[in-house]
Number of protein chains: 2
Amino acid sequence: MASDAVISLNKLKVACQDCRLSEICLPRGLAQAEMEKLDNIVARGRPLTRGEVLYHQGDSLNNLFAIHSGSLRSFIVSQDGREQTVGFYLPGELVGLDGLEKGTHTCTTVALETTSICELPFNRLQELCTELPSLQYQMLRLLGKEVSDDHDILLLLGTRSAEERLAAFLLSLSRRFAERGFSATEFNLSMSRHDIANFLGIAVETVSRQFSNFDKAGILQVKHRNVKILDLEKLEKMVEPGEKFNRKAKLSAAQ
Amino acid sequence: MASDAVISLNKLKVACQDCRLSEICLPRGLAQAEMEKLDNIVARGRPLTRGEVLYHQGDSLNNLFAIHSGSLRSFIVSQDGREQTVGFYLPGELVGLDGLEKGTHTCTTVALETTSICELPFNRLQELCTELPSLQYQMLRLLGKEVSDDHDILLLLGTRSAEERLAAFLLSLSRRFAERGFSATEFNLSMSRHDIANFLGIAVETVSRQFSNFDKAGILQVKHRNVKILDLEKLEKMVEPGEKFNRKAKLSAAQ
DNA sequence: CGCCGCTTTGAAGGCCTTCAATTGATGTGG
DNA sequence: CCACATCAATTGAAGGCCTTCAAAGCGGCG
């Protein structure tokens, strides 16, 4: 009966139990009975189409969102109009956590392609968290992930060259696609060159040039938005050039 | 009796109720009885001295930490040895949230000066959160703050010039000092030029030059680590140059 | 087909980095 | 108490990486 989809107020009831992303997404670590309780508050509206906004900067936080399929881009706009993309989100990832502090969203989130979203009413989710400690823990974990992911991007923007930034970006996508059962070496980018450039803090032209360089160097093949990685190792070495300061390397050398 | 300090296992029991930071810090929004329960799990060790490490990257997460006095710097080190400062922390701020995802800290945190720390055993804090919804909410709020603060730094690193970065950094300190009842225009930096440079993703020399420029322009006076801001407005305009894309300006213009 | 937006490629210029040297602050031993 | 050593911060000069400006390719879609 929990798997029976019921249309109510334009929202579709959905079942985390039947979703193959449940091990990545919010219900991770929940027992069967707990997941059913979560299912009771999850709903799904119609899919977003490319360019459609999930929430605007300044909107009050009513829901958190999990991506069922598709992808999103979040960005903040400063008072003087400068835009910074703060993240791209793939299926199974939780979106909207930026609004927890003030109760209003601090960034805008748009769909990069047709995207299906699970809605989690924040108030009810919060109540459920007091009831289900493992759900509370999972919420904290996902928030912690958001924080440490952001730290990684800070490292990227603060210390890395354009080449390293694009390499790290592609590797991040590669790993996340692999986690979701897709190819780690061939995928389609749902974001434009402009989006990538903005996210990485470099000019569009620089992104384009780096792609060309990678292509010429035989590291990958790019055709528009299709990327085929030919030499994953070389890409990885680009991000972590040496091992001289590697913790493990140091430890094993000391022994 | 709750205010009686008891020495036990080298840890001092402390009372949030008596702390003037309670409106900024974790106990914010808690009722008297709730705060007492929080007090039961908070302890304080001996103060850290300058350069001392609170926790290392890779350490398991046993406690979250709140700063009672002093200041901290958190940074991550990549495999190839590059360092990125991800934040400076002032009294009343919560530290250690980066470790929530994996249960191990993803950054290292050191004291910039003599610093007194309140320790919050994570397991007991988590239990208390299921018991006290307002504490759970406050935890989520603080995590959300960490996320949106990080987004602001991303905007800084992704779109701003060296001059704007230093201006924004000084304004951030100014605001946070003011929130804590200190002067917004005169304060001592607990971090070195190297720390500032690393945080802002620019070279030490660039920081030094920008300080000199600000000084020459009459915006502030710097003597070593003492900063006296003379023209707060000019500093603010440096970070938000125009109002052309300002939301409020747009709205009021439209009406 | 022909327009329009996205992407690519080329060339010049600028901001910041890197290298180098000096000055200033801090702390220790004679 | 001062000299000296050490480290942090400042200042100058040259060079590099990336940005900006400009224009041409290329695809998509009416």
Side-chain angles (χ1 to χ4, degrees), chain A residues 49-51 73 81-85 110 112-114 156-170 188-217 219-228 238 241, chain B residues 49-51 73 81-85 110 112-114 156-170 188-217 219-228 238 241:
Chain A
T49 58
R50 186 183 138 95
R73 176 176 78 99
R82 272 177 281 192
E83 186 178 315
Q84 176 65 41
T85 297
V110 301
L112 292 170
E113 59 193 313
T114 303
L156 198 76
L157 294 183
T159 69
R160 304 216 176 268
S161 69
E163 185 183 78
E164 294 169 325
R165 292 183 197 197
L166 186 59
F169 172 70
L170 292 172
N188 288 308
L189 302 169
S190 58
M191 65 293 287
S192 69
R193 297 290 191 269
H194 175 86
D195 293 338
I196 298 173
N198 185 267
F199 178 57
L200 298 178
I202 54 184
V204 190
E205 294 90 332
T206 305
V207 172
S208 193
R209 271 183 258 271
Q210 294 302 334
F211 263 127
S212 299
N213 290 345
F214 287 168
D215 201 318
K216 278 175 208 155
I219 295 170
L220 48 75
Q221 285 175 3
V222 225
K223 245 187 223 165
H224 321 303
R225 295 195 168 188
N226 181 273
V227 175
K228 200 179 296 182
M238 227 167 238
Chain B
T49 57
R50 187 184 138 95
R73 175 176 79 98
R82 271 178 283 193
E83 185 178 315
Q84 175 66 40
T85 297
V110 301
L112 291 169
E113 59 193 312
T114 302
L156 198 74
L157 294 183
T159 69
R160 303 218 176 265
S161 69
E163 183 183 80
E164 293 169 326
R165 291 182 197 197
L166 186 59
F169 172 69
L170 292 172
N188 289 306
L189 302 170
S190 58
M191 65 292 289
S192 68
R193 298 288 191 274
H194 174 86
D195 293 339
I196 298 172
N198 184 267
F199 178 58
L200 298 179
I202 54 184
V204 189
E205 295 91 331
T206 306
V207 171
S208 193
R209 271 184 257 271
Q210 293 303 333
F211 264 126
S212 299
N213 290 345
F214 287 168
D215 200 318
K216 278 176 207 153
I219 295 170
L220 49 76
Q221 285 173 2
V222 224
K223 246 188 223 163
H224 321 304
R225 294 194 168 189
N226 180 274
V227 175
K228 200 179 295 182
M238 226 167 240

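Within every chain, numbering begins at 1; the chains are lettered A, B, ... in the order of the sequence lines, protein sequences first and strands thereafter.
Ranked by how close their nearest DNA chain D nucleotide is to the 5' end, Gly201(A) and Val204(B) are led by Val204(B).
Using a 4.0 Å heavy-atom distance criterion, Arg165(A) is classed as making no nucleic acid contact. Backbone-only contact: Ser192(B) has heavy atoms under 4.0 Å from sugar-phosphate atoms and none from a base.
Separation of atoms CG (Asn198(A)) and CD (Gln84(A)) is listed at 5.5 Å; rounding is to 0.5 Å.
By the side-chain hydrogen bond (donor to acceptor under 3.5 Å, both in side chains) test, Ser212(B) is found to be paired with no residue, residues two or more places apart in sequence or in another chain being considered. Remark: Glu113(B) engages Ser71(B) in a side-chain hydrogen bond (donor to acceptor under 3.5 Å, both in side chains) (not counting sequence neighbours). Annotation: side-chain hydrogen bond (donor to acceptor under 3.5 Å, both in side chains) contacts of Asn188(B) (sequence neighbours excluded): Asn226(B).
Arg209(A) places its CZ atom 11 Å from the C1' atom of dA22(D), with the value rounded to the nearest Å. Atom CD of Glu205(B) and atom P of dA8(D) are 13 Å apart (whole Å). When rounded to the nearest whole Å, the span between CG of Asp215(B) and C1' of dT11(D) equals 14 Å.
Residues Met238(A) and Ile219(A) meet the side-chain proximity criterion, which asks for heavy atoms closer than 4.5 Å. Using a 4.5 Å heavy-atom threshold, the side chains of Met191(A) and Phe169(A) count as touching.
Taking both residues in full, the closest heavy atoms of Ala162(B) and Thr206(B) are given as CB-CG2, 3.6 Å, listed atom of the first, atom of the second, then distance. Across Leu166(A) and Phe211(A), no two heavy atoms sit closer than the pair CD2-N, 3.8 Å. Contact detail for Arg160(A) and Arg165(A): the closest heavy-atom pair is O-NE, 2.8 Å. Between Ala168(B) and Leu156(B) the shortest heavy-atom distance is CB-CD1, 3.4 Å. When all heavy atoms are compared, the tightest approach of Thr159(A) to Glu83(B) is CG2-O, 3.5 Å.
The overall bend of the helix from dC1(C)-dG30(D) to dG30(C)-dC1(D), read as the angle between its terminal helix axes built from five base pairs each, is 30° when rounded to 10 degrees.
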Next on the checklist: Walk along nucleotides 24-30 of chain D from 5' to 3' and tag each nucleotide B, S or - by protein heavy-atom contact under 4.0 Å, base first, then sugar-phosphate.
Outcome noted: -------

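Of all nucleotides in DNA chain C having an atom under 4.0 Å from a heavy atom of chain B, the first and last in 5' to 3' order are dC16(C) to dA25(C).
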